[in-house]
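Quick caveat, the model's predicted, so the values are computed rather than measured. No hydrogens, no waters, no symmetry mates; every other heavy atom, side chains included, goes into these values. Start at 1 with the first residue, then count along the sequence.
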Amino acid sequence: MAHSDAFVRQRRRLLLGATALGAAGALAWLRPEARRDGHHPYFQALDAALSKAGLATPTLVLDQARLDHNLSALNSHLNGEYHYRIVVKSLPSLPLLQRIMAATGSNRLMVFHQPFLNTVAEALPQADVLMGKPLPVAAVDRFYQQLTSSTSGFRPEQQLQWLVDSRQRLEAYEGFARAQQRRLRINLEIDVGLHRGGFTDTGDLARVLTMIERSPWLSFSGFMGYEPHIMKAPGPAAWLRDRAMARYQDYVSTAEQHLGRSLTDLTLNTGGSTTYQLYRRLSGELPVNELSAGSGLVMPTDFDLPTLTDHRPAAFIATPVLKLLETTRIPGAPGLGRLQALWNPNRARTAFIYGGNWPATPVSPAGLTPNPVYGRSSNQEMLNLADGHTLAEGDRVFLRPHQSESVFLQFGDLAVFDPVRGGITERWPVFREG
């Protein structure tokens, strides 16, 4: 019996030991690997170009060749089957918009912000503008107060479509138009599955169309049905697209029956950077005639999706390292930095960069990560790195923005990088928000 008990105890120790070894092996396998790589050759070239240009503050760099590549991909997929509308909020720079307009042959813009609308009307008087969201009537009034169409040539009664999402907003716009004696073109926002507002009932739509018909100040210009949920909601993308387009068709059919004519000469807008490729060679089957896209031309990280695999990242944040410390020290928690480094060797040392707290991910040199305990800073953000990393004070780090809208506005003029000429060849001003 004693012999049997000893055998059981020995077997238990062996099993526990094997389990512990297995767990340790699994943990070792999960433990991050130290990254000590320097800059990738691409970012070495970017760094040299920025140094040559004397840029020593946080800078948004735009790669001209990659932008052109993405424009070629866009043109190839659209293939003349749809009109293309350029999303201004994602590409908020006049020279950038002008380059895209020239490359795509499109003068159609989608604008989301009243100050941007006035900028476009003044600087791009040939533009055909669709508002991407409904604005308060006070913002509509302010646009007209600031409009200088007499000098720019922009004619809003012919070139601007105001977006309306409800009967109440239409009544407010009609009251403004009547009081100001201004003719407004009205595009109706329809809910095709995103559930962020817009008309959801064909009966309401028919009543609103009647209101527009009866007003001498309003005219119906088409529909906008935004559908980015296609790439985010559960379910196959093609199936979600077909459901969205079936809903879109219901609104088009209702309007055609109500008005007694086809809508093919009006703006029937949908799409976005994440979905525009889903409509290739489908123009004969779908009710839309126009696709929008913006961010996909510069490819922030939020757009790393299967529908954009032939697009390349074209925008990066570059910023200098101000300070480099040999350890990671967390205020009020002695030793926590060492514990972090025991698990993740890429947290052994600390760099403080010029600026920070951008919605962006460090991409070069490899191995840089924000510290989740220390927190974020817009002044001098902490990034951690491994022992033996080649990064030095004064070097630059590069980050990829998560989005382009808003982020592009935080760095002053865009630094345009030409990889063929190996330099920063132009500085493109961005829009002013107010």
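Side-chain contact annotation: Arg432 with Thr119, donor-acceptor N/O pair under 3.5 Å absent. For His77 and Asp310, the side-chain atoms include at least one donor-acceptor pair closer than 3.5 Å. Side chains of Asn289 and Thr264: a donor-acceptor N/O pair is absent below 3.5 angstrom, by distance only. Between the side chains of Asn384 and Tyr374, no donor-acceptor pair of N or O atoms lies under 3.5 Å. Under 3.5 Å, the side chains of Asn357 and Glu381 contain no donor-acceptor pair of N or O atoms. Checked by atom type, the side-chain pair Gln146/Gln114 shows a donor-acceptor distance below 3.5 Å.
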- Query: Hey, mind stepping through Arg183 and Glu157 against salt bridge (charged side-chain N to carboxylate O under 4.0 Å, His left out) and telling me if it holds?
  - Reply: CA-CA 6 Å; Arg183 298 188 182 278; Glu157 67 277 7; over 6 Å; no
- Message: Is there a side chain to side chain contact (heavy atoms under 4.5 Å, CB included) between Thr361 and His402? Walk through the geometry before answering.
- Response: CA-CA 7 Å; Thr361 299; His402 298 162; 2.8 Å; yes
- Message: What verdict does the side chain to side chain contact (heavy atoms under 4.5 Å, CB included) test give for Val208 and Phe220, after you've listed the backbone C-alpha separation in whole Å, the side-chain angles of each residue and the deciding distance to 0.1 Å?
- Response: CA-CA 10 Å; Val208 163; Phe220 174 56; over 6 Å; no
- Item | side-chain hydrogen bond (donor to acceptor under 3.5 Å, both in side chains) assessment of Gln340 paired with Thr328 | CA-CA 9 Å; Gln340 288 181 317; Thr328 296; 5.8 Å; no
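With sequence neighbours left out, Asp128 forms a salt bridge (charged side-chain N to carboxylate O under 4.0 Å, His left out) with Arg85.
Using a 4.5 Å heavy-atom threshold, the side chains of Thr270 and Leu286 count as separate. Residues Tyr82 and Glu290 fail the side-chain proximity criterion, which asks for heavy atoms closer than 4.5 Å. Residues Tyr42 and Arg66 have side chains in contact (heavy-atom distance under 4.5 Å, counting atoms from C-beta outward). Residues His311 and Gln277 have side chains in contact (heavy-atom distance under 4.5 Å, counting atoms from C-beta outward). By the 4.5 Å heavy-atom criterion applied to side chains, Thr350 and Thr327 are not counted as neighbours.
Here the CG atom belonging to Leu188 is positioned 12.0 Å from the CZ atom belonging to Arg169, to the nearest 0.5 angstrom.
Between the Ser76 side chain and the Ser72 main chain, no donor and acceptor come within less than 3.5 Å of each other. Gln159 places a side-chain N or O within donor-acceptor distance of the main-chain N or O of Arg155, the cut-off being under 3.5 Å. Looking only at distances, a side-chain donor or acceptor of Arg347 sits under 3.5 Å from a matching main-chain atom of Pro370. Side-chain atoms of Asp242 never come within 3.5 Å of backbone atoms of Met245 as a donor-acceptor pair (strictly under, hydrogens ignored). With Thr59 contributing its side chain and Val61 its backbone, the two residues share no donor-acceptor pair below 3.5 Å. Not a single donor-acceptor pair under 3.5 Å links the side chain of Ser106 to the backbone N or O of Met101. Here the side chain of Ser273 pairs a donor or acceptor atom with the backbone of Ser295 at under 3.5 angstrom. Proximity of a side-chain donor or acceptor of Arg185 to a complementary backbone N or O of Gln158 within less than 3.5 Å is detected. Side chain of Asp204 to backbone of Arg167: no donor-acceptor contact under 3.5 angstrom is found.
Heavy-atom contacts from other residues, nucleotides or ligands closer than 6.0 Å to CZ of Arg142 number 12 or fewer. Taking a 6.0 Å sphere around CZ of Arg400, one finds it holds more than 12 heavy atoms contributed by other residues, nucleotides or ligands. Within 6.0 Å of atom CD in Gln126, more than 12 heavy atoms from other residues, nucleotides or ligands are found, so the atom counts as buried in its surroundings. Around atom CZ of Arg196, no more than 12 heavy atoms belonging to other residues, nucleotides or ligands sit under 6.0 Å away. For Arg427, the CZ atom sits in a packed shell: over 12 heavy atoms of surrounding residues, nucleotides or ligands are nearer than 6.0 Å. Atom CZ of Arg247 sits in a crowded spot, with more than 12 heavy atoms from other residues, nucleotides or ligands closer than 6.0 Å.
The aromatic rings of Tyr248 and Phe223 sit perpendicular to each other, their planes meeting at more than 60°, with 30° as the lower class boundary.
Within the structure, the side-chain hydrogen bond (donor to acceptor under 3.5 Å, both in side chains) test picks out no pair touching residues 411-424 (sequence neighbours left out).
Aromatic rings from Phe411 and Trp358 are positioned such that their centres are separated by under 6.0 Å. Outside the 6.0 Å centre-distance limit, the rings of Phe316 and Phe398 are not counted as a close aromatic pair.
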